[in-house]
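Source: prediction; values computed, not measured. All residue numbers in this chain count up from 1 along the given sequence.
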Amino acid sequence: IGNGSGISSHLLLGSPHLQHLVTIDIEPEMVAASRTFYPVNRRIFDDPRSVFVYDDAKSYFAASKRKFDLILSEPSNPWVSGVSGLFTDEFYRRTRTYLSENGVFGQWLHLYEIDDALVLSVIQAVHKNFKDYAIYLTSDMDMLIVATNRQTLPLAHPDWRVFEFPGIREDLARFTRLTPDALDHLLVCSRETLAPLMVDTSGANSDFFPTLDLLTERARYQKETAKGFIGLTDGRLDLGAALQDLNVPASDAPVAPIGIARLKNLALGARLRHPDPAYADKETQAALGRLDLLNAALQRAKPPADWAFFMRLALDVEADLHAGTNGFANLALYASVDQFLADQQAPAEAKAAWSTMRTTSGLDWPACAQNAEILLNARSKGRAWLNDDLLRDIAVVANLHARQPAKARAAFERMKKYAKRKPQDFRVQLLEAHLVAAERAAR
């Protein structure tokens, strides 16, 4: 649906199992213009299984009365006149009826020229209509919503063998190989992760309440970005994975096949664990420099002149090695710094800062909550050992997993005046939604 005569349909035609592909576009000139990219998109024009239909997608589905195994919606940006109607409650309600029993619906949505609230209005509409869905990043500013009428999507073990089909492998041969490991790491969040935030879906984008249509032009003019969605997986703590206690392992791939922050972070961690002179970019050299400085400090066997400076260095190295993961722990690093802190009688707060990150990596949430409490008390006295947003996230998540919603609420409220993220940030809303859900369950 929409601008489908590009790479998406091209990849679909690489499948030997595909029987029929219909590309729908309301504007014939879009298809004519896409011939500019021939022969890159040759399959869409040359494969006999490919059919073009010039029509409105809603009209086509209503008239065809057919079921599809896959419906891929790739419209233009919703600030384009008429496009927002492809992101509504009513559109999803109709579209799901055209899916086969095991059918899958996929839809592209940009994260630039839009804000978190508008993205949420779309996801609320999806949430109302599909039994399960997940969100994947396809670039640093684009995401793909994958939904189904089935009870669950195979998120734990997706079958990525489609990329090994001869036609698709040939088409992608010029690019860095998309491994199952890299593809798994594109997952942002699932229906289960977002469920507490979807208790009230009254703000869902719809034909009768066209939030997207009314507000995207302003977001475009103001050059907004959906910072919360973009940042959900790109920092030290993957908030969605931490809330769900999902394992996100490290990667051994030294190069990110797609320019997405999490993949870049994982690739940097791989280059630090397995140094190779072939990778001498500035980012790697800077990270290796930090690691060398830390190792030199650890070998001096005497207290640093400034514990705050030492801990900033140690925590930067810790982030270099762990960003993008959840449940992965570089045990050698943690052990060496732990020993140093003990031997040099480090301040209790410094030890708590390091232990907070170690227990976060080890998913030892009760111990993590205890360490975070020390840091919260220090912050109230003007001493910040961790980034304020990171400390709030960890303290709340740890207490939620430790079944201490009251302490989680206290941590959330205490850090409000320090945290940089605004209340409308998606990450803040998601964190508080899980907190509210835990409070309700406790009552």
Do the numbers put R392 on top of the ring of Y418, so that NZ or CZ is under 6.0 Å from the six-membered ring centre and no more than 45° off the axis? no
Apply ring pair (Phe, Tyr, Trp, His ring centres under 6.0 Å) to the pair H185 and Y136, showing each step before the final yes or no. CA-CA 9 Å; H185 282 116; Y136 291 82; over 10 Å; no
For the residue pair S50 / D47, report whether a side-chain donor-acceptor contact shorter than 3.5 Å exists. no
Any donor-acceptor pair under 3.5 Å linking the side-chain atoms of N129 with those of R96? yes
Evaluate the ring pair (Phe, Tyr, Trp, His ring centres under 6.0 Å) criterion for residues F68 and F61: first the C-alpha distance (whole Å), next the side-chain angles of each, then the deciding distance (0.1 Å), finally the verdict. CA-CA 10 Å; F68 294 84; F61 283 129; 5.8 Å; yes
Show the numbers, then the answer: is there a salt bridge (charged side-chain N to carboxylate O under 4.0 Å, His left out) between R35 and E29? CA-CA 10 Å; R35 285 188 176 274; E29 287 304 314; over 6 Å; no
Please list all pairs meeting ring pair (Phe, Tyr, Trp, His ring centres under 6.0 Å) that have one or both residues in residues 393-415, counting only residues at least two apart or in different chains. W365-H401
Does F45 have its ring centroid less than 6.0 Å away from the ring centroid of F52? yes
Could you tell me the separation between the OH atom of Y112 and the NZ atom of K223, rounded to the nearest 0.5 Å? 14.0 Å
So how far is it from T325 OG1 to N247 CG, rounded to the nearest 0.5 Å? 9.0 Å
Side chains of D200 and S202: donor-acceptor distance under 3.5 Å anywhere? yes
Donor-acceptor check, side chain of N41 to backbone of Y38, threshold 3.5 angstrom: yes or no? yes
For A270 and D252 the tightest heavy-atom approach is CB-C, 3.8 Å
Atom CZ of R93 with >12 non-hydrogen neighbours under 6.0 angstrom: yes
What pair of heavy atoms forms the shortest contact from D115 to L118, and how long is it? OD1-N, 2.9 Å
A352 to N371 - nearest heavy-atom pair and separation: O-CB, 3.7 Å
Cation over ring, R169 on F163, under 6.0 Å and within 45°? no
Are the side chain of D25 and the backbone of E27 linked by a donor-acceptor contact shorter than 3.5 Å? yes
Assess whether side chain to side chain contact (heavy atoms under 4.5 Å, CB included) is satisfied between N149 and F105, documenting all intermediate values. CA-CA 9 Å; N149 289 330; F105 171 75; over 6 Å; no
Is E432 salt-bridged to K416, going by a charged N under 4.0 Å from an acidic O? no
Can you give each donor-acceptor pair under 3.5 Å made by side-chain atoms of residues 225-237, sequence neighbours left out, with the distance rounded to 0.1 Å?
unit_1 : atom_1 : unit_2 : atom_2 : d
R236   : NE     : E318   : OE1    : 2.9
R236   : NE     : E318   : OE2    : 3.3
R236   : NH2    : E318   : OE2    : 2.7
R236   : NH2    : S361   : OG     : 2.8

So does A204 get a backbone contact from the side chain of Q124, meaning a donor-acceptor N/O pair under 3.5 Å? yes
Under a 3.5 Å threshold, yes or no: a donor from one side chain and an acceptor from the other, between Q244 and E192? yes
Between N205 and T88, a side-chain donor and acceptor under 3.5 Å: no
Looking at CD1 of I394 and CG of L386, how far apart are the two atoms once the value is rounded to the nearest 0.5 Å? 6.0 Å
